[in-house]
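Not measured: the values here are computed from a predicted model. One-based numbering, in listed order, for ligands and for the atoms of each. In this chain, numbering begins with 1 at the start of the sequence shown.
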Amino acid sequence: MKKLDIGLPDVQAVYDGPEGVLWELIMGEQIHVGGFKSSMELATKAGIKAGMHGLDICSALGAGCRFLVKNFGVTMTGQDATRTMLQKAGERVQAEGFSGKIEFQEGDVTTILSPNSTFDFVWGEDTWCYVTDKGRVISEAARVLKPGGILAFTDWIEGPAGLSDEEANRVNSFMKFPYMENQRGYEQLIRDNGMELISSDDLTEEFAGYVDFYIKMLTEQLTFDALKIIGDDMELFQAMGGEMGNMAQIAHEGKMGRGRFVARKV
Ligand SMILES: C[S@@+](CC[C@H](N)C(=O)[O-])C[C@H]1O[C@@H](n2cnc3c(N)ncnc32)[C@H](O)[C@@H]1O
């Protein structure tokens with residue numbers, strides 16, 4: 001699969017700017033498909049327990065960390081590279097009284113800023129699609145996990161039906177993804193990094209329904225709010241709507257979707 005020349009500065013521009021605010025409007029503070037329900041399923045599959053110490057790779061607004069601290073009694077470190085996200089995450093953690101339980105570090109997640117064997121689990125939700133070297137993220141996750149530690153993540157993936165170069169180019173350019181890994185590719189990267197795969201779930205079918213749901217919210221409820229975020233630019237709103245519509249179509253065709261993975265460091 002061809003990789004687009006999209007890098008961290010392009011992603012930072014999204015999450016430092018209006019597009020990041022738009023994603024929060026559509027998805028909420030947890031900027032991933034399925035919000036609370038998806039996180040609960042992932043944490044349950046991963047066997048997250050009170051007292052564990054976890055790392056959220058690409059922690060954005062810190063909602064993943066706060067979800068895990070509130071519902072599973074863990075402590076968390078989040079790493080992200082976008083200033084606006086880190087600043088908002090820090091403010092929200094403080095406002096909710098979690099300062100002693102959650103800390104953030106700033107940096108590209110292809111280099112995790114923690115020593116070897118630090119964490120009981122490493123967590124990621126719908127984010128590594130933004131990273132060109134996904135193998136490096138997984139090898140860093142393996143490095144910072146304690147032996148027996150758990151890797152648990154979801155991500156937007158190329159679906160089982162596969163994308164043509166033209167389709168991949170269009171959706172990845174819109175989303176600012178260098179490329180999307182596929183289910184088998186992630187399974188291989190996990191094994192290549194010496195980890196034991198515990199589960200690998202293809203969530204492509206439900207993903208397509210979520211894209212429909214986001215389009216419905218934007219066109220039938222949140223149009224005013226979305227327009228305000230993008231400077232009341234109706235032409236841009238319609239262009240983005242066209243790209244979301246394209247994404248819905250390829251998702252329904254099984255060409256793009258979402259996967260959930262749980263693995264153990266042996
Ligand atoms: C979709 S949001 C993450 C959502 C978050 N996992 C959640 O569930 O709420 C994407 C985040 O990934 C971060 N990101 C993308 N590529 C990165 C990289 N190479 N290094 C660090 N952060 C990155 C962005 O800054 C942004 O905050």
With a 4.0 angstrom cut-off on heavy atoms, strictly below it, pick out the residues next to ligand 1 and order them by chain and number. L8, V11, Y15, E29, Q30, I31, H32, C58, A60, D80, A81, T82, M85, G107, D108, V109, E125, D126, T127, Y130, V131
Hey, can you tell me if W156 and F207 have their rings parallel, tilted or perpendicular (30° and 60° cut-offs)? perpendicular
Run the salt-bridge test on E41 and K37 with the 4.0 Å N-O cut-off and return the result as yes or no. yes
ring-ring contact (aromatic ring centres under 6.0 Å, His included) partners for F36, two or more places apart: F67
Please check this pair: side chain of Q79 against backbone of G107, looking for a donor-acceptor N/O pair closer than 3.5 Å. yes
Parallel, tilted or perpendicular, as decided by the 30° and 60° cut-offs, for the rings of W123 and F121: perpendicular
Once rounded to the nearest 0.5 Å, what's the spacing between atom CG of L197 and atom CG of L189? 11.5 Å
